[in-house]
Peer 1: 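The structure is given below, and queries will be raised subsequently.
All heavy atoms count here, side chains included; hydrogens, waters and symmetry mates do not. Predicted model only: the values in this text are computed from it and were never measured. Lettering of chains follows the sequences in order, A, B, ..., and the numbering in each one begins at 1.
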Amino acid sequence: MSSAVAALPAPPLVALPRSFYERPTVEVARDLLGKLLVRTGPLERVARIVEVEAYLGVKDQASHARRGPTPRAAIMFGPPGHLYVYLIYGMHHCMNVVTERDGVAGAVLLRAAEPLDLAEPGRRSSVPVPRLERPLSGPGKLCAGLGITRADNGLDLTAGHLVIAVDPRPARAVGPLRVKRSARIGVDYAGAWAGRLLRFYLAGNPYLSGKPRD
DNA sequence: CCGCCGATCTTT
DNA sequence: AAGATCGGCGGG
């Protein structure tokens, strides 16, 4: 009998399947909280998503999809599980996850994440641990911290060097996920849609980008 | 083609 | 409170 389980391997970080993204955008947004952004390859980084915003289809007056499938926004109308990256104010990048079935517009803006690290000697199968690094708080800083640019636009998040995975750590080690919602940030031009509660965040998390924080 | 303006961030 | 900085989009 081999009852020695001292070196029990941690579960691998498996990319979420396309079916995760092929759902109503608000559901995907909520479910992305607490998930891990995993970048493999030369630049290896792991970050825990703590703040997101849902951007709906052509009716959402804050969404880039509001004017239909223009050259920039076309990707929001495409198949789910792909990355949508755009440049804002001529200097910052914002990264989104495309949602809804092919032909229906939808995306979730990733606004803030908690920097983590992979414990040795793991790599892809080891447990994430806190990382001492400048916060990834704010969509522009999140992209800068992960090295995401427009070159990554269209990336397939289900099979590549950038994926989103379930946090493998035991729930008791991470703590409960207290999800709250608020109006989205920086969309005051969107009329009635500016007030919709489409920002989701983990209450009290120290890495949130804006108010309210709890 | 021209002009406006933004799903931001940093500095004043 | 304002500036940096540029590409997407709409109007002419």
Peer 1: Listed in order of residue number, which residues of residues 100-108 of chain A have a non-hydrogen atom at under 4.0 Å from DNA chain B?
Peer 2: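 Those residues whose heavy atoms fall under 4.0 Å from DNA chain B, taken from residues 100-108 of chain A, amount to none.
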Peer 1: First and last nucleotide of DNA chain C in contact with chain A, 5' to 3', at under 4.0 Å to a heavy atom: what are they?
Peer 2: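 Nucleotide range in contact with chain A: dA4(C) to dG10(C).
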Peer 1: If you take all heavy atoms of G145(A) and L136(A), which pair is closest and at what distance?
Peer 2: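 G145(A) and L136(A) have their closest heavy atoms at CA-CD2, 3.8 Å.
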Peer 1: Contact class for R72(A) (heavy atom, under 4.0 Å): base, sugar-phosphate, or nothing?
Peer 2: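 It contacts sugar-phosphate atoms only.
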Peer 1: Could you measure the distance from the OG1 atom of T25(A) to the CG atom of L56(A)? Nearest 0.5 Å is fine.
Peer 2: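 So the OG1 of T25(A) and the CG of L56(A) are separated by 5.5 Å.
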Peer 1: Distance-only, no hydrogens or angles: does the T158(A) side chain make a donor-acceptor pair with backbone N or O of P17(A) under 3.5 Å?
Peer 2: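 Not at all, since once roles are kept as given, no pair shorter than 3.5 Å links the two residues.
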Peer 1: Name the stems that DNA chain C belongs to, where each is three or more consecutive Watson-Crick or G-U pairs with both distances under 3.5 Å?
Peer 2: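 When the pairs of DNA chain C are grouped into runs of at least three, the stems are B:1-6 with C:6-11, B:8-11 with C:1-4.
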Peer 1: Does R150(A) reach a base, just sugar-phosphate, or nothing at all? Heavy atoms under 4.0 Å.
Peer 2: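 If one applies the 4.0 Å heavy-atom cut-off, R150(A) turns out to touch the sugar-phosphate alone, with no base involved.
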Peer 1: Is there any salt bridge (Lys or Arg N to Asp or Glu O under 4.0 Å) pair reaching into residues 74-95 of chain A, and which pairs are they, with sequence neighbours excluded?
Peer 2: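 Passing the test, one end in residues 74-95 of chain A: no pairs.
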Peer 1: Any link between F20(A) and L162(A) through a network of hydrophobic side chains (Ile, Leu, Val, Met, Phe, Trp, Tyr) touching at under 4.5 Å?
Peer 2: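 Yes.
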Peer 1: If you take any heavy atom closer than 4.0 Å to DNA chain B, which residues from residues 135-148 of chain A end up in contact?
Peer 2: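 Residues of residues 135-148 of chain A that come under 4.0 Å of DNA chain B are, in numerical order, G138(A), P139(A), G140(A), K141(A).
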Peer 1: Work out which heavy atom in D152(A) is nearest to a heavy atom in L83(A); give both atom names and the distance.
Peer 2: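 For D152(A) and L83(A), the tightest heavy-atom pair comes out as O-CD2, 3.7 Å.
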Peer 1: Could you give me the CA-CA distance, side-chain angles and deciding distance for R199(A) and K180(A), then say whether side-chain contact (heavy atoms from CB on, under 4.5 Å) is met?
Peer 2: CA-CA 8 Å; R199(A) 169 176 175 255; K180(A) 298 201 72 173; over 6 Å; no
Peer 1: Please say yes or no: joined through hydrophobic side-chain contacts below 4.5 Å, possibly via intermediate residues, are F77(A) and I75(A) part of one cluster?
Peer 2: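 Shared cluster, yes.
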Peer 1: Please test R131(A) against R45(A) for side-chain contact (heavy atoms from CB on, under 4.5 Å), starting from the C-alpha separation and ending with a verdict.
Peer 2: CA-CA 10 Å; R131(A) 178 193 187 91; R45(A) 288 215 178 311; 3.1 Å; yes
Peer 1: Where does the chain A footprint on DNA chain B start and end, counting 5' to 3' with a 4.0 Å heavy-atom cut-off?
Peer 2: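 It runs dG6(B) to dT10(B).
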Peer 1: Please test D31(A) against L16(A) for side-chain contact (heavy atoms from CB on, under 4.5 Å), starting from the C-alpha separation and ending with a verdict.
Peer 2: CA-CA 11 Å; D31(A) 291 347; L16(A) 293 171; over 6 Å; no
Peer 1: Which is true for M76(A) with a 4.0 Å heavy-atom rule: it touches a base, it touches only sugar-phosphate, or it touches nothing?
Peer 2: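 Counting heavy atoms under 4.0 Å across all strands, the contact made by M76(A) includes a base.
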Peer 1: May I ask whether M95(A) and Y207(A) are part of the same hydrophobic cluster, defined by side-chain heavy atoms of I, L, V, M, F, W, Y residues being less than 4.5 angstrom apart, directly or through others?
Peer 2: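 In one cluster with M95(A): Y207(A), yes.
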Peer 1: Among R196(A), R184(A), R66(A), which one satisfies salt bridge (charged side-chain N to carboxylate O under 4.0 Å, His left out) with D60(A)?
Peer 2: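 Single salt bridge (charged side-chain N to carboxylate O under 4.0 Å, His left out) partner of D60(A) among R196(A), R184(A), R66(A): R184(A).
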Peer 1: Could you state whether Y21(A) and V104(A) fall into the same hydrophobic cluster, counting links through intermediate Ile, Leu, Val, Met, Phe, Trp or Tyr residues with side-chain heavy atoms under 4.5 angstrom apart?
Peer 2: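 No, no single cluster joins them.
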Peer 1: Sticking with atom C1', work out how far dA2(C) lies from dC5(B), rounded to a whole angstrom.
Peer 2: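 Nearest-Å result for dA2(C) against dC5(B) at atom C1': 15 Å.
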Peer 1: Starting from I49(A), can I reach V46(A) by hopping between I/L/V/M/F/W/Y residues whose side chains sit under 4.5 Å apart?
Peer 2: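 No.
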Peer 1: Identify the two heavy atoms, one from D156(A) and one from G81(A), that lie closest to each other, and give their separation to 0.1 Å.
Peer 2: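 Closest approach of D156(A) to G81(A): OD1-O, 3.5 Å.
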Peer 1: Would you measure the distance from the P atom in dG3(C) across to the matching atom in dC4(B) and give it in whole Å?
Peer 2: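 That atom pair is separated by 16 Å.
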